[in-house]
Amino acid sequence: MQLTIDLAHRHYKIMKILLFFLPFFATNLKGQNNLTFKHRFVESENKWIAIRTENDTLLNYGFVYIDASAGLTLNLEGSFTISKNGKFIPKKLVNVGMKYRLEPNNEKVAFIPSTKYSDLEIKEYPDWLKIYLGDTTSVGHLYRWGFLYNGYNECAKALTYLERAQKVDPKFKGLEVELAFSYNCLNQFDKAILVLRNALEKNPTDAYINKELIYAQIKSGQLDKASESCKKAIAVCIDKTYNGENCYNLLHTYYEKKDKTNFNLWLAETKKWTASNASLTGSIKIMEEELLK
């Protein structure tokens with residue numbers, strides 16, 4: 001029985017995809033051997049992409065970039081067909097540059113090779129892109145890009161931005177807990193605990209920092225410390241949002257280890273903070289019954 005609350009339950013709310021793309025169908029486009037549909041949207045930042053449609057002779061195309069406020073975005077340019085000799089024949093939208101917000105999914109797109117840019121009358125980077133990039137070396141930019149990629153569960157990529165941000169300004173607001181989220185996501189729990197303890201020295205009542213610390217301690221097997229951290233978070237954090245999650249994760253771990261003593265110690269507290277969550281209360285009941293056998 002498994003119902004651990006995991007990393008997906010964080011503070012990000014990613015915009016749902018608004019694209020009108022239809023489900024992918026097998027295509028038989030002539031000359032398509034130079035297009036490989038193996039990339040996800042979250043791998044396509046600053047790339048021209050081709051998107052399959054229901055029509056097996058037609059592809060949509062556009063440029064993927066990140067809008068600092070809205071996140072991953074597609075600037076849709078139009079569609080194209082492929083001639084018998086492999087030439088891309090574009091049909092641009094009347095209103096060029098229709099923008100669609102993207103969310104991570106498993107749909108696959110193809111990167112348009114640079115050898116086809118002239119066919120589509122495009123450049124490697126559109127002139128308007130610089131408006132959205134800003135200063136790519138600033139700590140604000142690096143933090144925001146890391147934050148977004150963490151939200152897309154692309155934690156390794158997020159870390160490339162966040163660790164650069166740390167070198168620029170290690171005291172930047174929110175950076176430590178964002179780094180910790182990446183480390184937790186990548187099972188680098190010791191690193192997460194290190195930065196979170198430092199963050200808590202400055203902000204001991206922050207509920208989210210406490211949550212990430214408890215998660216890291218549980219996952220690294222430091223259950224006694226996780227228990228103490230959980231008690232402290234309940235006592236000092238005004239924001240009670242994560243109390244149920246923290247208690248449940250701890251209780252569930254004791255259940256997995258068949259540690260009846262500590263399970264019973266945390267049972268009432270967990271029930272208290274999860275009372276409004278039917279799925280968790282149901283799970284707790286099952287665990288309780290299992291341990292009584």
Side-chain angles (χ1 to χ4, degrees), residues 1-12 150-151 153 155-156 158-159 162 166 174-292:
M1 193 278 300
Q2 176 69 33
L3 191 62
T4 304
I5 301 172
D6 218 322
L7 287 168
H9 294 267
R10 67 167 303 170
H11 58 294
Y12 296 121
N150 267 342
N153 207 34
C155 302
L159 204 54
L162 297 170
Q166 188 180 36
L175 178 58
E176 287 172 317
V177 72
E178 206 60 39
L179 276 163
F181 181 88
S182 292
Y183 291 139
N184 275 340
C185 176
L186 298 169
N187 297 327
Q188 298 177 22
F189 303 118
D190 289 344
K191 289 183 178 180
I193 290 169
L194 185 63
V195 296
L196 287 164
R197 286 202 174 282
N198 188 51
L200 281 176
E201 287 181 7
K202 293 169 283 189
N203 200 351
T205 62
D206 186 284
Y208 191 75
I209 296 174
N210 277 280
K211 180 187 84 75
E212 287 296 312
L213 176 62
I214 294 163
Y215 179 91
Q217 289 172 329
I218 290 173
K219 289 295 185 179
S220 62
Q222 301 178 40
L223 297 185
D224 288 344
K225 291 182 178 179
S227 179
E228 290 305 310
S229 295
C230 197
K231 291 175 185 176
K232 181 179 178 182
I234 291 170
V236 305
C237 295
I238 296 173
D239 180 0
K240 306 299 182 182
T241 303
Y242 305 112
N243 285 356
E245 178 177 343
N246 295 336
C247 291
Y248 179 86
N249 282 342
L250 190 58
L251 185 77
H252 184 270
T253 304
Y254 286 133
Y255 163 77
E256 287 184 320
K257 292 183 174 297
K258 302 189 184 307
D259 184 341
K260 293 183 181 180
T261 300
N262 281 304
F263 181 90
N264 289 327
L265 283 175
W266 278 95
L267 184 58
E269 191 73 16
T270 305
K271 285 182 175 180
K272 172 184 174 181
W273 293 109
T274 59
S276 62
N277 189 318
S279 63
L280 293 187
T281 55
S283 175
I284 292 166
K285 183 179 180 181
I286 293 171
M287 289 191 288
E288 197 173 1
E289 291 171 351
E290 286 291 323
L291 284 183
L292 285 174

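As the structure is a computational prediction, the values presented were derived from the model and not from experiment. Computed from heavy atoms alone, side chains included, the values below leave out hydrogens, waters and symmetry copies.
In this structure the side chain of Ser283 reaches within 4.5 angstrom of the side chain of Met287, judged on heavy atoms. Proximity of Leu175 to Gln166: side-chain heavy atoms (C-beta onward) are separated by under 4.5 Å at one or more points.
For the pair Ala207 and Tyr242, the tightest heavy-atom approach, listed with the atom from each and the gap, is O-CD1, 3.7 Å. Heavy-atom minimum distance, Ile193 versus Gln222: CD1-NE2, 3.5 Å. Listed here is the closest heavy atom pair of Ala233 and Asn210: CB-CB, 3.9 Å. For the pair Ser227 and Leu250, the tightest heavy-atom approach, listed with the atom from each and the gap, is CA-CD2, 3.7 Å. In plain terms, the two heavy atoms of Tyr254 and Leu223 that are nearest each other are OH-O, 3.6 Å. Of all heavy-atom pairs spanning Ala192 and Ala180, the tightest one is CB-O, 3.8 Å.
Between the side chain of Thr281 and the main chain of Asn277, a donor-acceptor pair closer than 3.5 Å is present. Judged by distance alone, the side chain of Asn184 and the main-chain N or O of Glu212 form a donor-acceptor pair under 3.5 Å. With Lys258 contributing its side chain and Leu291 its backbone, the two residues share no donor-acceptor pair below 3.5 Å. Judged by distance alone, with hydrogens and angles left aside, the side-chain atoms of Asp206 form no donor-acceptor pair with the main-chain N or O of Leu200 at under 3.5 Å.
By the SG-distance test at 2.5 Å, a disulfide connects Cys155 to Cys185.
In this structure, the separation between CG on Asn249 and CD1 on Ile218 is 5.0 Å, given to the nearest 0.5 Å. Rounding to the nearest 0.5 angstrom, the gap separating the CD atom in Glu256 from the NE2 atom in His252 is 4.5 Å. Note: Ile234 CD1 to Ser229 OG = 11.0 Å, rounded to the nearest 0.5 Å. Within the model, atoms CD of Glu245 and CG of Leu280 stand 9.0 Å from one another, a figure rounded to the nearest 0.5 Å. Atom OG1 of residue Thr270 and atom CG of residue Asn246 lie 10.0 Å apart, to the nearest 0.5 angstrom. Atom CD of residue Gln217 and atom CG of residue Leu213 lie 4.0 Å apart, to the nearest 0.5 angstrom.
Environment of CD1 in Ile238: sparse, with no more than 12 heavy atoms of neighbouring residues, nucleotides or ligands closer than 6.0 Å. Within 6.0 Å of NZ in Lys240 there are more than 12 heavy atoms belonging to other residues, nucleotides or ligands.
Salt-bridge annotation for Glu228 and Lys225: absent, with no side-chain N of the basic residue lying under 4.0 Å from a carboxylate O of the acidic one.
The list of side chain to side chain donor-acceptor pair (under 3.5 Å) pairs with a residue in residues 193-204, not counting sequence neighbours, reads Glu176-Asn198, Glu176-Lys202.
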Note to self: Assess the residue pair Tyr208 and Thr241 against the criterion (side chain to side chain contact (heavy atoms under 4.5 Å, CB included)); give the C-alpha distance rounded to whole Å, side-chain angles, the decisive distance to 0.1 Å, and a yes or no.
What the structure shows: CA-CA 9 Å; Tyr208 191 75; Thr241 303; over 6 Å; no

Next item on the list: Please report the C-alpha distance between Thr253 and Tyr255 in whole Å, then the side-chain angles of each, then the deciding distance to 0.1 Å, and finally whether the side chain to side chain contact (heavy atoms under 4.5 Å, CB included) criterion is met.
Entry: CA-CA 5 Å; Thr253 304; Tyr255 163 77; over 6 Å; no

